[in-house]
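Each chain gets a letter, A, B and so on, in the order its sequence line appears, and its residues count up from 1. Given the structure is predicted, the values throughout are model-derived calculations rather than measurements.
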Amino acid sequence: MLDIKFIRENVDRVKSAVKNKNKDVDIDKLLELDERRREIMTRLDEARAEQNTASAEIAKASEVDREAMIKSVAELKERIKALEEELAPVAEEFASLLYQVPNVTDPAMPVGKDEDENVVIKQVGEKPTFNFKPKEHWELGKELNLIDTEKAAEVSGARFWYLKGDLVRLQFAMHMFAIDTLINEEIIKEVRDSLGLEHLSSKPFVPMLPPVMVRDSVQKAIHRVFGDQTYKIDDEELNLVASAEHTLAPYHMNETLDEAELPKRYVGYSTAFRREAGTYGKDMKGILRGHQFDKSEMESFTTQDTGADEQKLIVGLQEYMVKKLGLPYQLVQICTGDAGGPDYQQIDIECWMPGQDAYRETHTSDYMTDYQTHGINAFYKTAEGERKLLYANDATAFSGRPLIAIMENYQQEDGSIKIPEVLQKYMGGQEVIK
RNA sequence: GGAGAGGUGGCUGAGUGGUUGAAAGCACCGGUCUUGAAAACCGGAGUAUCGCAAGGUACCGCAGGUUCGAAUCCUGUCCUCUCCGCCA
């Protein structure tokens, strides 16, 4: 969440962020509550000071005087209790309103109502041409016996699937490729330098297998509670993660790192669980949208000065990997109305899916400044000894969706699917799925 | 799941109701000494919050409670460790 001090000092900016992100948070009310809260707190502090003084005197007093003195403090105790009771509801409403305030956005982020107003930055790669009608991935999946949604529906319900055979191997090949790329300092350096970001570290990402369950309190602190979108474990204060981000983002909670240790870069692989409430009937075929999928996720913690450039590097790495897979894509600047609450800046990659004849979102990159780290108390200490909140970036390495793009772009007239060259070595040199 | 022990400042570790926001040591910062450094000696130093400031308040895992007064007593909770059970 945002710091109330920041909100006080940037009222207009915060108000326009609320408006442009289509949120409904009454900032004036928040500020009014803030003032009342502080006013009561001041009175409470004064009363407590009085009580502390009185107690100290009682301690020094003789046994005889003590009883009378204790009696005289009774009124003060009442007053403190009354003030505490006055403060509680104000503080509670204040906290709940403050929690709802979204992050402000990059001035470069276009103002827009919803996803229709996202802006395509560039299109990269040549769309494949077919001398036959390209199939959708679910058709290919069924014909090649790679995806079984029918049995999954019987066993687990709608929006589940079995991945089978070579598609399973392809998935692991893709994630291995992501990890091998992100632990390779040479590649990071190459991408970094090509973007003119030589001042950034070329430190490799550390692979992680994070927990897939997260405490209520932590999920709330990183602002990843989306009402009915997450699965909650019955009788436990635990939730299934909807992304490895949920347990990577809090990895440094309650810590103060040395500036010299930064950046901290992680690539975490996990299954993601999503209820997909409110999407009934949308994308029902195949594996585009489901309750469960596997994803590797980049998470990076940096200084405040380098957070924005870190995102550029991360997007560069996403593009590098997508290009290596030979997938045509477009880079999309997300507009305010489509951006996440915690996001200061958000860039998506949409891969070309010939079967659908459309670009579909496969990657996202969120730059959140200190919006998340504020809630989990993740700091770094500068060389001068100053304590500052870490800035966080979070982005997709690969999810299940690029598999769709591979299947559809690499399909052959005979119904088989070629395997992208960079993935072949992870599949024992296999070149085609048939 | 059962039994027991414990959670104190950057670290180690005292502290069982009254100048304790917290001893001591280490680490850290400044100074003296030194050509420089080390050692020694002197001094400083927690975090958050309110306040122009002086200063106040809160914080000894977390949340409540008892008390004029709680790191210290009580309850709940989270976490760590040991033993037993179960187990990939």
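Side-chain polar atoms of A:E310 and A:S300 form a donor-acceptor pair below 3.5 angstrom.
Base pairing of B:C68 is made with B:G18, judged by Watson-Crick or G-U wobble geometry with both donor-acceptor distances under 3.5 Å. Across every strand in view, B:C62 sits in a pair with B:G76 that passes the Watson-Crick or G-U test at under 3.5 angstrom. When Watson-Crick and G-U wobble pairs are counted only if both distances are under 3.5 Å, B:A88 pairs with no nucleotide at all. The partner of B:A48 is B:U57, judged by Watson-Crick or G-U wobble contacts that both fall below 3.5 Å. Using the Watson-Crick or G-U wobble rule with both distances under 3.5 Å, B:A23 pairs with nothing in any strand shown. Using the Watson-Crick or G-U wobble rule with both distances under 3.5 Å, B:C83 pairs with B:G2. Applying the Watson-Crick and G-U wobble criteria (two distances, each under 3.5 Å), B:G43 pairs with B:C29. Base pairing analysis places B:U35 opposite nothing; no Watson-Crick or G-U wobble pair with both distances below 3.5 Å involves it.
Nucleotides B:A40 and B:G15, compared at atom C1', are 31 Å apart to the nearest Å. Between B:G10 and B:A23, the two P atoms lie 13 Å apart (nearest whole Å). Comparing the same atom, P, in B:U75 and in B:A5 gives a spacing of 13 Å after rounding to whole Å. Annotation: B:C11 and B:U16 have their P atoms spaced 22 Å apart (nearest Å). For the P atoms, the distance linking B:C81 with B:C28 amounts to 30 Å, nearest Å. When the P atom is compared between B:G46 and B:U82, the two are found 36 Å apart, to the nearest whole Å. For B:C52 and B:C62, the C1' atoms lie 36 Å apart once the distance is rounded to whole Å. Here, B:G69 and B:A14 have their C1' atoms 23 Å apart, quoted to the whole Å.
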*Given A:H199 and A:D309, is the side-chain hydrogen bond (donor to acceptor under 3.5 Å, both in side chains) satisfied, shown in steps?*
CA-CA 9 Å; A:H199 60 283; A:D309 283 341; 2.7 Å; yes

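Aromatic rings of A:H223 and A:Y99 (six-membered ring for Trp) have centroids within the 6.0 Å cut-off, being under it. A:H252 and A:Y266 have their aromatic ring centers within a separation under 6.0 angstrom.
Of the residues A:I4, A:D26, A:V25, the one that meets the side-chain contact (heavy atoms from CB on, under 4.5 Å) test with A:V101 is A:V25.
First and last contacting nucleotides of RNA chain B toward chain A (any atom under 4.0 angstrom from a heavy atom, 5' to 3' order): B:G18 to B:C79.
By the 30° and 60° cut-offs, the orientation of the rings of A:F160 relative to A:H291 is tilted.
Residue A:A56 is out of contact with every strand shown, counting any heavy-atom pair closer than 4.0 Å. Residue-level contact check: A:Q51 touches the backbone only, with heavy atoms under 4.0 Å from sugar-phosphate atoms and none from bases.
Legend: residues meeting side-chain contact (heavy atoms from CB on, under 4.5 Å) with A:N20, ordered by chain and number and at least two apart, are A:S16, A:V111, A:T336.
Taking the nucleotide of RNA chain B with the nearest heavy atom to each of A:D45 and A:A59, the more 5' of the two is matched to A:A59. RNA chain B is contacted by both A:R38 and A:V73; A:R38 maps to the nucleotide lying nearer its 5′ end (nearest heavy atom per residue).
Counting heavy atoms of neighbouring residues, nucleotides and ligands inside a 6.0 Å radius, atom NZ of A:K203 exceeds 12 of them.
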